[in-house]
Structure formats: structure tokens, C-alpha cells
Amino acid sequence: MTATTNLPLKEARPDNQAHLLIWDAPTKQELWQLAYYNNAQRVNYRENLVNRLNPDDKFLNLHHSIDEELSAIKGICYDSPRPVVLLEGLDTLVTYLRVKPGGQVTLFLQNLEKIRKLESILWILLPQRLTPPTWPENRILRVSPAYSSG
């Protein structure tokens, strides 16, 4: 058992806003243990996105549907049977928005930071290099490589 299983995700405050779990290389076992300890539901953003896609669409234009993606994240929290949601794979969307012209990543992250009235405590797993510079430090939990090695 690693030290990461004791991360207090369920004690996050404010509990109706998004929090960031900055962790560069978690293993599947560490994430499973963390979710188990915190009674959290692990949700993969990529899988959720694929399930929401229209099979008739020829192109994926997420940069034109930032509001829909934010609504989908709120929906994940609303639909969760658990008090904590650990959202994995959002780095896919953040990276996608970073390479698109027009600064959509900044708008997305600002709106994500301002999201309120979430039904479950939301922890978004991101690597260090994608940490938004303006995100409030009191809503960030960083896992260092030394800490996660147990």
C-alpha cells in the first residue's frame, strides 16, 4: 500500500468546486487504491467523450463546444453515485485546446475554475506541465514522485 492511498480527497473544501490533483505518473493500482480509500468514482474523460459523440460526425471540434464540455463535466458529478469523482484523461482536452489557435484553453480553464454547484467533490487528475497558472493553490493537491513511490 502506498502513501497516496491516504490522500484526503473526500475532505476537499469548497466541496462544490473543481480541484486539481497534480500527479505526473500514477499507476492504475495507485489510482484504484486512492479511489477506494476516498469512496470515489473514477471517470475517464476520453471514454465519456467517446460515449457522447455522434457517430455521424466527421470531425471533432471540441474548441467550438467548450460550454458543452463543461456541462458534461458537471453532468459527470451529477450522475455519480459516489461523493467524490476522480476525473482522469482531461489532459486530452487541455492538450487539444492548447494546440488550437484562439486561446480556447485559457477560456476553458477559467470557466472550469469558476464552475460551482457540483453534486460531488470533483478532483481532476492532470500532469504538472498542464497545471493552470491561475488556479487557486487551496484547490490543488500535488503528488511528488517521492511521495507516490510509497
Side-chain angles (χ1 to χ4, degrees), residues 1-53 60 62-63 65-100 103-150:
M1 181 178 290
T2 63
T4 55
T5 59
N6 296 327
L7 293 175
L9 301 185
K10 57 191 169 197
E11 297 171 13
R13 298 294 176 260
D15 60 1
N16 67 340
Q17 297 175 17
H19 300 265
L20 299 181
L21 179 60
I22 306 301
W23 194 352
D24 282 333
T27 66
K28 289 182 183 204
Q29 181 67 21
E30 287 171 322
L31 291 175
W32 182 87
Q33 289 175 341
L34 181 62
Y36 182 79
Y37 172 78
N38 286 281
N39 193 22
Q41 179 183 10
R42 288 177 60 194
V43 177
N44 187 300
Y45 171 79
R46 285 170 257 167
E47 292 172 8
N48 179 277
L49 176 62
V50 168
N51 290 332
R52 292 185 285 115
L53 289 177
L60 185 61
L62 295 175
H63 57 290
S65 58
I66 289 177
D67 289 337
E68 289 86 354
E69 294 311 303
L70 290 167
S71 292
I73 291 169
K74 281 187 93 166
I76 288 169
C77 291
Y78 181 79
D79 294 337
S80 177
R82 306 259 173 109
V84 178
V85 171
L86 179 58
L87 184 61
E88 305 167 38
L90 194 67
D91 55 319
T92 303
L93 177 59
V94 173
T95 302
Y96 171 87
L97 293 173
R98 285 179 88 179
V99 300
K100 288 290 185 183
Q104 295 296 320
V105 69
T106 302
L107 177 63
F108 173 75
L109 291 172
Q110 286 173 345
N111 287 338
L112 184 61
E113 177 191 333
K114 293 175 186 172
I115 206 167
R116 302 288 187 268
K117 298 182 181 177
L118 297 172
E119 297 292 325
S120 298
I121 298 172
L122 175 62
W123 282 94
I124 301 168
L125 180 64
L126 287 176
Q128 178 67 36
R129 63 181 161 55
L130 295 181
T131 305
T134 61
W135 199 274
E137 279 297 320
N138 67 323
R139 291 175 29 211
I140 297 177
L141 182 58
R142 298 174 195 276
V143 179
S144 69
Y147 186 78
S148 65
S149 65

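All values below come from the heavy atoms of this structure, side chains included, with hydrogens, waters and symmetry mates left out.
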| request: First locate atom OH of Y45, then atom CD1 of I124, and finally report the distance between them rounded to the nearest 0.5 Å. | output: 11.0 Å
| said: If we ignore hydrogens and angles and just use 3.5 Å, is the side chain of R82 paired with the main-chain N or O of A40 as donor and acceptor? | reply: yes
| said: Could you go through F108 and L90, starting from their C-alpha distance and side-chain angles, then the distance that decides it, and tell me whether this counts as side-chain contact (heavy atoms from CB on, under 4.5 Å)? | reply: CA-CA 12 Å; F108 173 75; L90 194 67; 4.3 Å; yes
| Which heavy atom of L9 sits nearest a heavy atom of I121, and at what distance? | O-CG2, 3.8 Å
| CG-CG distance between L97 and L107, expressed to the nearest 0.5 angstrom | 9.0 Å
| Main-chain N/O of C77 paired to S80 side chain as donor or acceptor, under 3.5 Å | no
| field | Heavy-atom check, side chain of L112 versus side chain of W135, under 4.5 Å | value | yes
| message | Any salt bridge linking R98 with D91? Criterion: basic side-chain nitrogen under 4.0 Å from a carboxylate oxygen. | response | no
| said: Using side-chain contact (heavy atoms from CB on, under 4.5 Å), reason through I66 and Q104 one step at a time and then give a plain yes or no. | reply: CA-CA 8 Å; I66 289 177; Q104 295 296 320; 2.8 Å; yes
| Point-to-point distance, once rounded to the nearest 0.5 Å, from CG of L130 to OG1 of T95 | 4.5 Å
| field | Where E69 and L49 come nearest, the two heavy atoms and their spacing | value | OE1-CD1, 4.0 Å
| remark: All heavy atoms of E30 vs all of A25, minimum pair found to be OE1-O, 4.2 Å
| query | Sub-3.5 Å donor-acceptor pair from the side chain of K74 to the main-chain atoms of R116, do we have one? | reply | yes
| Taking atom CG of D67 and atom CG of N111, what is their separation to the nearest 0.5 Å? | 6.5 Å
| message | When you compare the side chain of Q41 with that of P81, does any pair of heavy atoms fall below 4.5 Å? | response | yes
| field | Over all atoms of both residues, closest heavy-atom pair of V105 and V94 | value | CG2-O, 3.7 Å
| note | When every non-hydrogen atom of A12 is compared with those of W123, the smallest separation belongs to CB-CZ2, 3.5 Å
| request: Please say whether the positively charged group of K117, taken as NZ for Lys or CZ for Arg, lies over the ring of Y78, i.e. under 6.0 angstrom from the six-membered ring centre and within 45 degrees of the axis. | output: no
| Atom pair OG1/CD1 of T131 and I22 - distance to nearest 0.5 Å | 3.5 Å
| query | Where do N48 and N51 land on the side-chain contact (heavy atoms from CB on, under 4.5 Å) test, with the steps shown first? | reply | CA-CA 5 Å; N48 179 277; N51 290 332; 5.7 Å; no
| request: Before giving the answer on salt bridge (charged side-chain N to carboxylate O under 4.0 Å, His left out), spell out for R42 and E47 the whole-Å C-alpha distance, their side-chain angles and the decisive distance to 0.1 Å. | output: CA-CA 11 Å; R42 288 177 60 194; E47 292 172 8; over 6 Å; no
| task | Could you grab the distance from atom CG of L86 to atom OG of S120, nearest 0.5 Å is fine? | result | 12.0 Å
| message | Contact between P26 and L21 at the side-chain level, heavy atoms closer than 4.5 Å - yes or no? | response | no
| task | Would you mind reporting whether R139 and P14 have side-chain heavy atoms less than 4.5 Å apart? | result | yes
| How far apart are the closest heavy atoms of P8 and N38, and which atoms are they? | C-OD1, 3.6 Å
| Selection residues 11-27 - residue pairs positive for salt bridge (charged side-chain N to carboxylate O under 4.0 Å, His left out), sequence neighbours left out | none
| said: Before you tell me yes or no, could you show the steps for L31 and L125 under side-chain contact (heavy atoms from CB on, under 4.5 Å), namely the whole-Å CA-CA distance, both residues' side-chain angles and the distance that decides it to 0.1 Å? | reply: CA-CA 10 Å; L31 291 175; L125 180 64; 4.0 Å; yes
| request: Indicate yes or no for a side-chain donor-acceptor contact from H19 to the backbone of N138 under 3.5 Å, with no hydrogens or angles considered. | output: no
| remark: Sequence neighbours excluded, the answer for ring-ring contact (aromatic ring centres under 6.0 Å, His included) partners of Y36 is W32
